[in-house]
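Everything on this sheet refers to the single structure shown next.
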Amino acid sequence: MDSKFVLSKAKPNQYGDIGKLMVNVYSQLKGFPSPNEQPKYYQMLANIGDYCENQNVDLIIALSHDNEIAGGVVYINDMSNYGSGGTATTEKNASGFRLLAVDPQHRGRGIGKLLINKCIEKAIRNNHEQVIIHSTKAMTTAWSIYEKLGFKRFQDLDFMQDQLAVFGFRLNLKKLK
């Protein structure tokens, strides 16, 4: 893992750059819907800062030594603000994260894992019992990281986003404490 990255809560003047990064990352995923296929989804990515209008949501970014945004993730402290399909928004005593993205030029340096661990730490500090996330078949690299960190597949969290199958995962924090 590259220790040259610092995690911080995104500032409003960084939201546009993070949105561009997320659109770039998600649009390049092989097997993931394109901006033409799911324009509302990509509009949400481009306007990622809108999530931060809610006090239960943090946009966490990884900054390089020269303050370049290398990655980001949306942490949700209250699942009613998770903003997905399926049953995740009804989960109690849980945190979640969504929209993890790492700039392609910074991949392979542990940034994704660093961002995920920050979300897990926040959930533990909030005394939550679990962390809920979702992924798709196009995100196999993320799946392997999630599983190595102890996330388990839970079909009760699965849902369809238009024609895209979205798969739910849980991390039981009681086992980590």
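Taking the side chain as every heavy atom from C-beta outward, Leu59 and Ile48 approach each other to under 4.5 Å. Two residues are said to be in side-chain contact when any heavy atoms from C-beta on lie closer than 4.5 Å; Met22 and Val25 fail this criterion. Contact check for Tyr41 versus Pro33: no side-chain heavy atoms found under the 4.5 Å cut-off. The side-chain heavy atoms of Leu157 and Glu91, taken from C-beta on, include a pair separated by under 4.5 Å. Two residues are said to be in side-chain contact when any heavy atoms from C-beta on lie closer than 4.5 Å; Ile69 and Asp103 fail this criterion. Between Met44 and Leu99 the shortest side-chain heavy-atom distance falls below 4.5 Å. Ile116 has its side chain within reach of Leu100: a pair of non-hydrogen atoms, C-beta onward, lies under 4.5 Å apart. Counting heavy atoms from C-beta on, the side chains of Glu68 and His106 come closer than 4.5 Å.
Between Asn36 and Ser34, the side chains place no donor N or O within less than 3.5 Å of an acceptor N or O (distance only, hydrogens not considered). Under 3.5 Å, the side chains of Gln130 and Asn172 contain no donor-acceptor pair of N or O atoms. When only modelled atom types and interatomic distance are considered, Arg98 and Tyr51 share a side-chain donor-acceptor pair under 3.5 Å. Side chain to side chain, Tyr42 and Ser27 fail the donor-acceptor criterion of an N or O pair below 3.5 Å.
Residue Lys122 is tested with Val131, Asn117, Ile60 for a side-chain contact (heavy atoms from CB on, under 4.5 Å); the sole match is Ile60. A side chain to side chain donor-acceptor pair (under 3.5 Å) with Tyr75 is found for exactly one of Asn56, Asp58, Asn126, namely Asn126.
Residues Ile18 and Ala10 come closest through the heavy atom pair CD1-CB, 3.6 Å. A pairwise comparison of heavy atoms in Val73 and Cys119 identifies CG1-SG, 3.7 Å as the closest pair. Heavy-atom minimum distance, Ala101 versus Leu21: O-CD2, 4.4 Å. Scanning both residues, Phe5 and Ala70, for their nearest heavy atoms gives CE2-CB, 3.4 Å. Minimum interatomic distance between Cys52 and Tyr15 (heavy atoms only, all atoms of both residues): CB-OH, 3.3 Å.
Atom CG in Asp78 sits 5.0 Å away from atom CG in Asn81 (nearest 0.5 Å). Here Ser8 contributes atom OG and Asn67 contributes atom CG; the two are 8.5 Å apart, rounded to the nearest 0.5 Å. One finds the CG atom of Asn93 at 4.0 Å from the CD atom of Glu129 (value rounded to the nearest 0.5 Å). Atom-to-atom distance recorded for Leu29:CG and Thr136:OG1 is 6.5 Å, nearest 0.5 angstrom. Residue Lys30 holds its NZ atom at 11.0 Å from OG1 of Thr140, rounded to the nearest 0.5 Å. For the atom pair OG (Ser95) and CD1 (Ile133), the distance works out to 12.5 Å, reported to the nearest 0.5 Å.
Between Phe151 and Tyr146, the distance from one ring center to the other falls under 6.0 angstrom.
Side chain of Gln14 to backbone of Lys11: a donor-acceptor contact under 3.5 angstrom is found. The closest donor-acceptor contact from the side chain of Gln38 to the backbone of Gln163 lies at 3.5 Å or more, if one exists at all. Although no hydrogens or angles enter the test, the distance criterion places a donor-acceptor pair under 3.5 Å between the side chain of Arg153 and the main chain of Gly168. At distances below 3.5 Å, not a single donor-acceptor pair connects side-chain atoms of His128 with backbone N or O atoms of Leu173.
With respect to the salt-bridge test (charged N to carboxylate O, under 4.0 angstrom), the residues Arg170 and Asp156 qualify.
Summarising the local packing, CD of Gln28 is surrounded by more than 12 heavy atoms from other residues, nucleotides or ligands at distances under 6.0 Å. Counted within 6.0 Å of CD on Gln43, heavy atoms from surrounding residues, nucleotides or ligands total 12 or fewer; the atom is thus considered open.
Here Lys137 pairs with Trp143, Phe167 under the side chain to side chain contact (heavy atoms under 4.5 Å, CB included) rule; sequence neighbours left out. Contacts of Tyr26 classified as ring pair (Phe, Tyr, Trp, His ring centres under 6.0 Å), with partners at least two apart in sequence or in another chain: Phe32.
Using a 30° and 60° split on the angle between ring planes, His134 and Tyr82 fall in the tilted class, from 30° to 60°.
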*Could you walk me through whether Val74 and Val57 pass the side-chain contact (heavy atoms from CB on, under 4.5 Å) check?*
CA-CA 7 Å; Val74 175; Val57 176; 3.5 Å; yes
*Kindly determine whether Ser135 and Val166 satisfy side-chain contact (heavy atoms from CB on, under 4.5 Å), including the steps that lead there.*
CA-CA 6 Å; Ser135 193; Val166 181; over 6 Å; no
*Mind running side-chain contact (heavy atoms from CB on, under 4.5 Å) on Lys118 and Leu115 for me, showing each step along the way?*
CA-CA 5 Å; Lys118 180 68 169 181; Leu115 290 163; 5.6 Å; no
*Take Phe169 and Lys152 through the side-chain contact (heavy atoms from CB on, under 4.5 Å) test and state the conclusion after the steps.*
CA-CA 5 Å; Phe169 292 79; Lys152 304 284 185 218; over 6 Å; no
